[in-house]
Structure formats: structure tokens, C-alpha cells
Amino acid sequence: MDFKRIEQKWQKFWSSNKVFEPEIKKGKRPFYIQVAYPYPSGAMHIGHARTYTATDVAAKYKMLTGFNVLMPMGWHVSGTPVIAAVEALQKGNEKTIKIFHENARIPKEDFKYLTESPESFVDYMINKAKYGYKAGFKKLGLGIDWRRELKTIDPQYKRFIEWQYKTLASKGYIIKKAYPVRYCPQCKNPVGDHDLSEGEGLGIQEYTLLKFKLDENTYLIAATLRPETVFGQTNLWVRPDIEYAKVKVGAEQWIASKEFFDKYKEQVKDIEKVGTLNGSELVGRQVLAPGIERNIIVLPADFCDPATGTGIVTSVPSDAPIDYIALRELQQNQALAESFGLNYDLLTSIKPIPIIELEGYGNLSAVKICNDLGIKSQSDAEKLEEAKKTVYKLGFHKGIMNSNCNKYAGMQVNKAKELVKKELIEKNQAAIFYELEGKVVCRCGSQCVVRVLEDQWFVKYSDERWKEESKKTLSGMQIVPALFKINYEKVFEWLDDKPCTRSKGLGTNFPFQKELILEPLADSTIYMAYFTIANIIKQVPAEKLEPEVFDYIFLGKGRIAEISKKYGIKKSVLKEMHDSFKYWYPLAYNVSAIELIPNHMSFSIFQHTAIFPPNKRQKGTLNLGMVVLEGKKMSSSKGNVVLINDLCDSIGADFVRFFLMNIVEPWEELNWQQREIEKSFSKLNSFVELLFRNASKAKKGKIKGLNLPEKWFYNRINERINEYVQAMEKMEFRRALQCISFQLLKDFNWYEHRKNKYNKQLMYYFLSNWAVCIAPFMPHLAEELWQKLGNRSSIFFARIPKKLKTDQKISAAESIVANIVDDLNEIKKLAKIDKPKKIYIYVCSEWKRNLFGLLKEKLQIPDQSSAIRIAMSDESIKAKGQYAVNIIKKLLAKWSELREMVPVDEMKILAASKDFLSGLFECDVIVQLEDKVEYDPKSKAKDAMPFKPAIYIE
RNA sequence: GCACGGGUGUCCGAGUGGCCAAAGGAGCAGGGCUUAGGACCCUGCGGCUUAGUGCCUUCCCAGGUUCGAAUCCUGGCCCGUGCACCA
């Protein structure tokens with residue numbers, strides 16, 4: 001088949017007949033489906049193609065069920081990648097050149113477009129790149145309304161985003177606060193995972209800095225992850241052999257390790273080094289401990305690491321194993337203690353103070369676990385680490401603060417932690433310090449730190465009321481697949497304030513601080529609304545698009561006449577946009593890949609909730625799974641990809657679409673295996689060719705006078721279509737496809753096998769319905785076949801039939817014949833009969849059928865004694881005695897299967913199929929009723945059962 | 001750490017209470033076709049048995065619910081994926 005010709009022919013037809021350019025039609029139900037617009041920076045591979053194809057299938061199916069369908073497309077070009085790429089290409093960076101030349105398949109002579117400017121780069125990628133997304137969409141035959149095409153840097157779009165953020169701000173959802181980020185002091189930039197050479201995935205931990213008053217204005221600073229344990233403090237640890245720094249922080253003087261201040265200076269402003277002192281100078285001193293307002297003693301410890309925290313550690317021997325062991329070791333070593341000039345009696349009087357009750361560990365969990373694990377000294381590093389982890393984890397989840405913790409007594413540890421921290425900070429006894437979870441190194445080679453960005457703008461997704469309202473929106477939405485709803489719910493739970501501005505990148509300037517750019521996940525949340533007017537708004541100059549204009553279009557606020565006059569926009573244009581939004585919204589489905597659930601998809605629901613009224617939000621989401629190639633993750637940089645362009649060229653767009661939808665359901669992980677594809681390609685291809693060959697023999701008209709096999713085929717087509725519709729409604733595209741492809745092929749083959757005359761009308765019924773059902777998946781071939789069948793307009797103006805009449809009895813009857821064929825083959829093989837001379841079929845007698853009917857009606861559970869009781873209530877069965885009991889036993893053995901069977905007249909069916917069977921086996925076939933047998937040399941007849949006639953072959 | 005998902009025969013993978021010794025494919029073995037190779041077609045691939053069958057042992061491990069479990073529940077072991085400034 002000449003795929004290329006057919007594809008081009010119909011793509012041209014669709015565009016010149018505006019098949020996928022919907023107009024508002026009052027009375028026709030709208031269906032607006034939208035798939036997350038791509039960032040057009042490379043070649044399109046099958047992973048992308050799957051997402052867009054699934055959306056297209058959903059859209060086309062809805063067209064075929066009578067909806068007015070809108071599916072727009074745009075380009076998300078916001079952010080830094082384009083700028084970074086253009087800069088790298090301008091500098092002649094070889095790695096980047098290679099990526100664009102080899103992976104994105106851009107010829108060298110076209111690089112001039114890429115290096116000219118970010119705008120030119122974007123334009124090339126969208127409109128000229130042979131392997132780009134737009135080229136791919138067109139090749140795949142997607143039903144996109146291109147009149148609405150947009151880029152996120154269009155001037156009108158930017159005004160829309162400004163309106164969006166002004167609206168959010170007016171509701172209090174835009175806030176400004178300090179924000180800790182991973183930061184490279186060398187590059188002077190925040191770093192993401194992809195900027196790192198070491199430490200990817202390591203996060204930021206929040207330490208509490210505790211201030212221990214040494215004298216009037218000088219404090220020793222200890223860092224802790226467990227501020228709630230201040231109530232159990234017994235002493236402070238310092239390293240006697242290192243030098244600590246004295247630093248002015250604000251009005252106070254702090255003492256901590258030098259390494260600490262190097263990091264801390266990125267997090268606070270006013271910080272100034274004053275001097276140094278040795279740890280040993282601090283040993284033995286008394287300091288006023290925060291939280292408990294009590295003096296505690298400074299003791300020496302080797303485990304204090306100047307590179308971790310502050311190099312000073314507060315000691316809570318009740319709950320920190322290392323503190324307990326270090327204290328005990330010091331207490332047991334009088335000579336050492338006295339070498340530091342410590343009062344040994346005072347030292348030995350220090351005892352752990354119970355503060356947390358922990359089930360299974362009592363109220364001194366550190367002491368208990370050290371005893372349990374047999375930890376003797378600080379040198380048991382491994383065991384100490386294990387002990388620490390266990391106690392920390394259990395304490396956090398299950399610990400309860402006890403009566404030594406004042407007002408926190410009885411509170412859970414995980415609650416108390418935050419409250420204690422807050423109280424200490426308020427009393428100026430503590431501060432916050434951010435520390436990386438481990439070593440993080442930037443690609444430039446320098447070690448990263450945490451920097452606190454002052455005045456970062458956020459979208460306040462943590463807002464309780466907003467969250468509640470968004471959860472309500474979500475609860476009314478249809479999430480496909482349904483089991484993902486819980487994922488959304490979980491995301492909504494932990495979703496926190498999201499930074500929304502950056503200093504670099506393409507996009508919309510932040511309206512409240514013009515030098516900043518809204519970051520890409522912030523300007524892609526409600527653009528679906530913009531699509532409804534994108535084709536109209538192009539004629540309005542951007543500068544006229546003040547917030548009031550959008551307020552009118554989307555929210556119906558204000559008076560059209562006044563707005564028209566004030567901003568110089570025609571009333572008719574304003575009205576058209578307002579009407580268009582009102583018609584198309586709410587969005588039926590927002591579609592994207594699963595990995596966007598925690599951000600894009602959720603943000604979109606939140607922001608719709610914030611901005612639009614409940615009836616103008618989103619009705620559902622469709623979440624597409626990943627595509628892997630031969631079991632491995634696809635990666636453009638490793639060349640492990642299949643590009644959609646190449647694939648369409650080799651097997652044709654419709655077959656690509658078919659396989660993308662046929663391997664697994666849309667939300668499941670799809671493993672693309674070339675060999676398997678090739679195998680099923682030839683199978684499917686010959687099926688399609690078979691159908692096309694039959695098209696010339698089909699004739700439109702009333703179907704009448706059907707014989708048994710024809711009735712069966714007609715009925716089977718209807719059954720398949722019904723199941724197809726059921727599956728399509730749930731977006732189970734794979735199941736739907738299987739019904740109307742390989743399964744229907746099997747049916748067709750059986751029918752071909754069975755039929756003895758040609759029915760043109762039935763063939764038309766089959767082919768036309770097949771074309772309509774396959775059209776969402778294989779639109780080009782469907783159109784071609786549709787035309788071959790004599791239709792003039794596009795198949796997408798046809799309708800998929802719904803709720804067709806089917807008759808279980810017809811299927812049941814045919815399965816009797818099919819089963820007989822199977823059984824005959826089996827017996828032939830086992831009995832090693834090559835050419836049967838005669839076949840005898842004995843249909844079970846009337847009383848057995850009655851017995852089955854009786855049991856089917858009355859038997860609740862397949863229990864032998866009650867079955868016999870029921871059966872023996874019938875005199876004619878009772879008369880058969882032990883033989884009847886044997887039959888009952890046989891029936892019960894297969895009861896679960898049999899109870900579903902629909903009773904049919906086996907005698908009549910088999911008698912009617914005699915010619916077929918004798919033709920098939922090339923011998924005489926004799927069908928007799930069990931109790932009227934004339935010839936039964938091996939006495940097989942008695943084995944006849946309902947739905948399973950006995951057989952004798954000669 | 002938190003969240004979600006998953007462990008099925010040689011391999012990939014379908015299967016969510018009985019129709020399941022478990023779809024489909026790959027692979028392997030035998031046969032057909034062919035000068036040969038490829039492609040294609042047929043048969044078999046847990047064990048024993050059989051004129052269309054019946055039985056035994058199996059779906060990560062251990063328990064449990066049920067007349068009945070690959071499928072439901074509990075515990076354990078193992079493996080993926082995501083976790084925010086990144087589009």
C-alpha cells in the first residue's frame with residue numbers, strides 16, 4: 001500500500017476542507033482537549049509522539065460521537081535552555097553543536113538560524129526543523145486547529161500572563177520571602193541537579209543554631225537537627241585542639257568553627273570576623289543554655305567536626321548515643337578530665353535527663369540502645385551511626401515529650417520539634433542555618449553552599465484556603481486512569497510555595513518587578529483558556545490588552561461598551577472572544593505525561609481554581625506513561641531513540657499510531673521493541689490489504705436474508721463495536737483496538753471459512769463500521785477506505801454506532817460449531833486418524849438438557865447433595881437413577897463454566913452445519929440425538945452432555 | 001527519608017476471586033516449503049496420563065480469609081520511578 005500518497009492526500013484534504021477547524025455551534029456539545037505544549041528544542045521521538053497521538057485519538061473519537069472538538073497547539077519556549085543553547089552555539093561549543101547536528105539532525109548549513117538570536121532559534125525549531133515537533137505533528141496527521149498556534153513569547157500572550165499574575169496577587173497568592181538554594185560561589189548562580197558533577201539529588205537540611213551565652217554579648221553556637229531535645233541538655237562539646245572563629249553577627253558576637261562562617265555568610269548579611277580562640281580556652285567554662293535557661297559546662301570532645309554544623313555540639317545524652325558514650329568515657333577517665341582542669345566530682349554528677357518517652361526504649365533511648373548494641377566507646381563508629389539513625393527515626397515518628405519539657409509535655413516529637421524551634425527563635429535563643437545533606441560540587445569544580453535569596457517571589461501554593469478549594473476542584477474531576485487520583489491528592493498535600501521568578505530566560509517579565517522573568521512552570525498553567533481566543537486576539541495590538549480586557553473576556557467583568565471605548569478594541573471582537581471562551585470552557589481534558597503530575601498538572605488545577613469560577617475550570621486529566629526502547633530508557637544524547645520522522649517514513653503514520661496505542665494502555669509504560677513491531681506490522685498490513693480488496697465487493701443497502709454464519713458475523717461485529725465503544729469511553733485505547741483489529745480479524749477469518757455465499761450488504765456493514773471505528777487510530781487509511789466505499793465527505797463527519805443490538809444466542813450457537821471443530825481435530829490427532837470416513841455426532845438428550853436447566857435455575861452453590869435433591873424432584877430425571885447422579889457430578893465439575901452458558905438448540909445448529917463440517921473434514925457427517933442413535937459401535941453416545949455432543953469417528 | 005508503582009513459566013510480558021498449566025511474542029526442538037539460506041506455515045516446550053481427558057506441582061517468601069487465590073488481607077525480602085526552580 002502506498003502510505004505516503006494516502007497520507008499526503010488526506011492531510012491536504014483535511015486542511016482545505018477545514019475538518020479540524022471547529023466553529024462555535026450552538027446546540028452542538030463542545031469537547032476541548034489540550035495536551036501540554038512542547039518545548040521545541042530537539043527532534044521528536046516516539047515518547048513525545050505517544051502523548052500527542054493519544055490526545056489526537058481521544059479528540060477524533062469524540063468527533064465521531066458527535067462532539068464539536070477543539071484541539072489546539074502551542075509552543076512553550078519560556079526559560080533558559082534556548083538562551084543557553086544559542087550562547088553555546090555562538091561560542092562554537094562542540095558538544096552543543098554535536099547535540100544539534102547529530103541528535104536533532106539539523107544540517108550544518110542551517111546553523112546560521114540557530115546562532116542568530118533566541119527568537120530565530122525558536123522560529124527555526126518550530127517551523128523549519130525537519131525532525132521538529134511541528135513536522136512530526138503533521139506527519140502523524142494530528143487534528144490540530146493551527147489557527148490558534150501560539151508561542152509563550154507572543155506579545156499578546158505575555159499580556160495575558162501579566163493579567164494572570166496580577167489576578168493571583170490580588171487574591172494574595174503571590175508572596176515574597178527568603179529562600180535557600182544550592183549555590184555555586186564560583187559561578188555566582190543557583191545550581192540545579194544538571195549543573196552538578198557530584199551530589200545530585202542531595203537536598204538542603206534546616207539546622208537550628210542554638211545560642212549559648214558565654215558572657216554579656218558573646219555566644220557559643222551549636223547546630224542541631226533536634227531542637228526539641230534542648231530540655232535534655234547536660235553540657236556542651238567543643239574540640240579542644242582546634243581554633244574557633246569569633247565573628248560579629250548583627251549586634252552579637254558568635255563563636256563557632258571557621259568553616260561554619262564561610263557557609264553562613266551566604267545566608268545572612270551583616271557578618272564580620274573579629275578574631276579567633278582555641279577550643280581549649282572554652283573547656284570548663286559555664287554557658288547559659290537556651291530553652292532551659294540553666295548553666296551547663298563546656299566539655300572536650302573529639303567527635304566535633306568543624307566542617308559539620310558549627311563545630312560545637314550541644315550534649316543530650318538521653319537521646320543522642322554519641323553524647324551518652326562520650327560523656328561516659330570522659331567520666332570514666334579521671335586523669336583525662338583533670339588534664340583539662342575539670343572538677344571530677346562535678347563531672348561525674350552529670351546524668352542523662354529523660355525527656356522523650358519512646359515505646360520499647362523507655363525514657364532514655366540513647367542509653368538503652370547503646371546497651372542493647374553493646375557500644376562501649378566512641379571508636380564503635382558504625383554501631384553509633386546505626387544507633388543514632390534508629391533513635392532519631394523512631395523518636396521522630398513515635399516519641400512523646402515527657403514532663404521535663406514544660407508545656408510540650410505529652411506532645412508528639414514531630415510536632416514539638418517545630419514549636420520549640422519557633423519559640424527559641426522568637427526568644428532570640430536560636431537561628432536557622434541551612435546545610436547541604438552532603439558534598440555538592442558544581443561542574444565548574446568548586447564546592448557548593450546554601451545561599452539564602454532574600455526577596456524571592458513565590459506562588460503561595462501552601463495557602464490553606466486555596467488548597468482546600470483546589471482539592472474540591474480535583475474531587476469533581478475525572479482523572480484518567482482513575483487510580484492516579486490518589487497521586488494528585490498526595491501532591492496537593494505536600495505542595496508548598498513555589499518560586500516563580502528568575503533573573504534569566506525567555507518569557508514574561510514579572511509585573512511587580514520588571515527585571516525578573518516568570519519562570520517556565522509559572523507561565524504555563526492556564527494558557528488553555530488563552531487558546532480559546534488565540535486566533536482572535538492576534539488582531540489586537542498587545543499594548544491595548546490591559547487587565548480589564550481579560551477580566552471581561554474570561555470573567556465577564558465590566559461592561560463591554562466601556563471597555564471597548566476605553567481601550568479602542570472593537571465590541572464585536574471583545575464579544576467574539578468572550579463567547580468563544582464561554583463556549584469551549586471548561587476544558588474537558590488536560591493531557592500530559594505522568595511525570596508532570598507533581599508540577600504542571602497540579603499547578604494548572606490550582607491556578608484554574610484561583611482564577612476561574614467552578615464551572616470554568618477543568619473536567620479531567622489524561623496522564624500518559626513513559627516510553628522505553630528495548631527495555632531501556634530513551635536518551636537523545638546516547639542515541640537511544642527512535643525518531644518519529646524516520647519511523648513514519650518506514651512504516652507509515654497510521655501504523656505508527658496503531659502500535660503506539662496498541663502495545664499497552666495509554667498510562668502504562670510502553671516498551672517499544674522493533675522486532676515485535678515488524679512482526680505485527682506484516683500481520684496488520686495484510687489485514688488492512690484484505691479489507692481494501694473487499695471494498696470493491698461491498699455494497700450499501702439493507703441487510704436481509706442472512707443465513708447462520710452471516711447472522712453470526714453480523715452479531716459478532718456488533719458485539720465488538722459495543723465493547724470498543726465501552727473501552728474508548730474509558731480511554732482504554734489498547735482494549736478498543738484489540739477488539740476491532742486482531743480479534744475482529746479472527747472473526748472475519750472464521751466467517752470466511754464458514755460462509756458459502758457472498759453478501760455484499762453485510763460486507764459493506766462490516767467495512768464501513770470498521771473504517772469509522774479505526775478512524776481515530778488510522779485516520780488516513782480510514783478515509784481512504786471510506787472513500788472507496790463510495791462516501792464523499794470526510795469520515796470524521798460520520799458517527800460511530802452506539803449500543804448495537806446483539807444476541808447472545810447467536811454467539812452461543814456458533815461456539816457449538818467451533819467447539820465441535822476443535823474436538824474433531826483433537827480426536828483425529830490422538831486417534832491418529834488421517835482421513836476420517838465417517839463422523840458421528842451425538843447430541844445430548846432432552847432430559848439432560850432439562851437437568852441442566854433445572855440446576856441453572858435453582859442451584860445456588862455447586863454443592864453435590866443439594867444438586868441431587870433439586871434434580872430428583874423431577875420425576876423423569878429420578879427415573880434415570882444412578883446414571884442421572886453421574887451426569888450431575890459431571891455437570892458440577894465444570895459448573896462455573898457451564899452456569900454462564902446460554903441454552904441453544906444444538907440439534908438444529910449442528911444439523912444446519914453438516915455441510916460445512918463434511919466439507920471441512922472431507923467425509924460424511926451424521927448428527928443424531930443421543931436417545932435416537934442408530935449406529936454407535938463404541939457406545940459414545942451416552943457421554944453426550946449439554947454443549948458437548950459425543951463424537952465417534954471412523 | 002517521603003510518595004507511588006511492581007515482583008508471573010528459558011526470556012519479554014498479559015492476566016485482579018472460579019472459564020488459569022496461565023493470552024501474545026521471543027527463544028529452543030521437530031516437521032513442511034526451498035538447490036541452499038532467508039521468509040513463511042504446522043507441532044511441541046512443568047510432570048505423568050488420554051479418542052475431544054484426568055491428576056500432581058507451579059505465578060518472590062511466610063502466614064491468613066474463602067467451598068475455591070497468580071488474583072483479596074497481614075508480615076517479610078527484592079526492584080523501579082518521582083521529590084521542585086528543572087522544561
Side-chain angles (χ1 to χ4, degrees), chain A residues 36-42 76-82 152 179 181-182 190-195 201 203-205 389 392-393 396-397 437 453 456-459 461 483-484 486-491 493-502 504-505 518-524 592-600 602-603 625-626 628 630-631 633 663-665 667-669 671 673 675-677 679-680 682-683 734-735 738 742 819-833 861-864 893-901 938 940 943 948-953:
Chain A
Y37 47 15
Y39 192 88
S41 70
H76 192 209
V77 299
S78 311
T80 49
V82 163
T152 55
Y179 182 55
V181 291
R182 289 187 300 192
V191 287
D193 266 350
H194 55 281
D195 299 315
I204 294 169
Q205 270 180 326
K389 276 193 178 152
Y392 276 29
K393 195 175 154 184
F396 182 76
H397 292 290
E437 279 169 355
L453 304 175
Q456 170 67 49
W457 293 95
F458 287 81
V459 179
Y461 290 122
L483 63 105
F484 282 12
I486 190 149
N487 292 20
Y488 279 90
E489 282 163 5
K490 295 282 178 188
V491 170
E493 288 297 331
W494 59 253
L495 206 59
D496 202 356
D497 301 339
K498 170 91 173 73
C500 62
T501 57
R502 304 171 74 179
K504 250 176 103 174
L518 271 163
E519 65 91 35
L521 282 168
D523 76 355
S524 56
S592 91
I594 288 168
E595 56 261 36
L596 297 190
I597 292 176
N599 43 58
H600 166 73
S602 291
F603 296 164
M626 277 229 307
V628 296
E630 312 291 351
K633 206 170 173 172
I663 296 171
V664 289
E665 295 297 356
W667 44 88
E668 295 173 321
E669 183 177 286
N671 185 9
Q673 290 172 291
R675 267 192 72 102
E676 306 231 1
I677 297 296
K679 277 251 173 194
S680 25
S682 63
K683 229 188 237 178
R734 172 179 188 252
R735 184 156 76 91
Q738 303 233 317
F742 295 115
N819 287 340
I820 279 284
V821 172
D822 283 350
D823 287 349
L824 285 169
N825 278 324
E826 190 71 14
I827 294 168
K828 257 176 68 184
K829 201 170 69 197
L830 284 167
K832 302 197 173 66
I833 302 170
I861 40 165
D863 151 66
Q864 193 167 307
K894 298 212 132 199
W895 191 244
S896 58
E897 185 182 345
L898 286 170
R899 70 192 308 175
E900 308 297 330
M901 302 291 264
K938 290 266 171 84
K940 293 278 178 193
D943 294 334
K948 200 158 184 70
I951 293 166
Y952 174 65
I953 304 179

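We name chains A, B, ... by the order of the sequence lines, and we start the count at 1 in each one.
- When both pairing distances are held under 3.5 Å, B:C59 makes no Watson-Crick or G-U pair with any nucleotide shown.
- Side chains of A:I951 and A:I820 form a contact here, defined as non-hydrogen atoms less than 4.5 Å apart.
- Across all strands shown, B:G1 forms a Watson-Crick or G-U wobble pair, both distances under 3.5 Å, with B:C83.
- Under 4.0 angstrom from either OP1 or OP2 of B:C86 there lies at least one side-chain N or O belonging to A:R502.
- Of the charged side-chain nitrogens involved, none lies within less than 4.0 Å of a carboxylate oxygen, so that A:D943 and A:K948 do not count as a salt-bridged pair.
- The distance between atom NZ of A:K828 and atom C1' of B:U50, rounded to the nearest whole Å, is 19 Å.
- Atom NZ in A:K938 sits roughly 8 Å away from atom C1' in B:A51 (whole-Å rounding).
- Here A:K948 lies in heavy-atom contact (under 4.0 Å) with a base.
- The nucleotide whose nearest atom lies closest to any side-chain atom of A:L521 is, among B:A51, B:A14, B:A87, B:A87.
- A:P40 comes within 4.0 angstrom of nothing in the nucleic acid, heavy atoms only.
- Atoms CG (A:L518) and C1' (B:C86) sit 16 Å apart, rounded to a whole Å.
- Residue A:L824 is out of contact with every strand shown, counting any heavy-atom pair closer than 4.0 Å.
- Of the inter-residue distances, the one linking A:D497 atom CG with A:W457 atom CH2 reads 13.5 Å to the nearest 0.5 angstrom.
- Going from atom CD1 of A:I827 over to atom P of B:U53 covers 9 Å, rounded to whole Å.
- Among the heavy atoms of the strands, none lies under 4.0 Å from A:I594.
- Atom name C1', nucleotides B:C77 and B:U16: the rounded distance is 23 Å, in whole Å.
- Across all strands shown, A:D496 has heavy atoms under 4.0 Å from base atoms, whether or not it also approaches the sugar-phosphate.
- Atoms CG (A:N599) and C1' (B:A87) sit 9 Å apart, rounded to a whole Å.
- Within 4.0 Å (heavy atoms only), A:A950 reaches at least one base atom of the nucleic acid.
- Taking CZ of A:R502 as the start and CD of A:Q456 as the end, the distance is 10.0 Å to the nearest 0.5 Å.
- Closest to the A:D823 side chain, of the nucleotides B:A87, B:G52, B:A51, is B:G52.
- Between A:E519 atom CD and B:C86 atom C1' the separation is 8 Å, expressed in whole Å.
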(request) Could you please spell out the steps behind the side chain to side chain contact (heavy atoms under 4.5 Å, CB included) verdict for A:L518 and A:C500? (result) CA-CA 6 Å; A:L518 271 163; A:C500 62; 4.3 Å; yes
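- Looking at heavy-atom distances under 4.0 Å, A:T80 makes contact with sugar-phosphate atoms alone, never a base.
- In terms of the side chain to side chain contact (heavy atoms under 4.5 Å, CB included) criterion, residue partners of A:K498 (sequence neighbours excluded) are, by chain and number, A:Y461, A:E519, A:L521, A:F603.
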(message) side chain to side chain contact (heavy atoms under 4.5 Å, CB included), that's the test. Do A:E493 and A:V491 meet it? Break it down for me.
(response) CA-CA 5 Å; A:E493 288 297 331; A:V491 170; over 6 Å; no
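- In this structure, A:S78 reaches the sugar-phosphate backbone alone: every heavy-atom distance under 4.0 Å involves primed, P, OP1 or OP2 atoms, never a base.
- A parallel orientation is assigned to the rings of A:H76 and A:Y37, their planes being inclined by less than 30° (bins at 30° and 60°).
- Across all strands, A:K490 comes closer than 4.0 Å only to sugar-phosphate atoms, never to a base (heavy-atom distances).
- Summarising the geometry, the separation between CD1 on A:I663 and P on B:A26 is reported as 14 Å, rounded to the nearest angstrom.
- Across all strands shown, A:N487 has heavy atoms under 4.0 Å from sugar-phosphate atoms exclusively, and none from any base.
- Remark: B:G44 base-pairs with B:C28; criterion is Watson-Crick or G-U wobble with both hydrogen-bond distances under 3.5 Å.
- Rounded to a whole angstrom, the distance from the P atom of B:A22 to that of B:A70 is 13 Å.
- Rounding to the nearest 0.5 Å gives a distance of 7.5 Å between CH2 of A:W494 and OG of A:S602.
- In this structure, NZ of A:K498 is placed 6 Å from C1' of B:A84, rounded to the nearest angstrom.
- Nucleic acid contact class of A:P520 (heavy atoms, under 4.0 Å, all strands): sugar-phosphate only.
- Figure legend. B:G68 is base-paired to no nucleotide; pairs are counted as Watson-Crick or G-U wobble with both atom distances under 3.5 Å.
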Between protein and nucleotides 19-25 of chain B, what N or O pairs are separated by less than 3.5 Å?
{"residue": "B:G25", "atom": "O2'", "partner": "A:E676", "partner atom": "OE1", "Å": "3.2"}
{"residue": "B:G25", "atom": "O2'", "partner": "A:E676", "partner atom": "OE2", "Å": "3.2"}

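- The residue A:F484 sits apart from the nucleic acid: no heavy atom pair falls under 4.0 Å.
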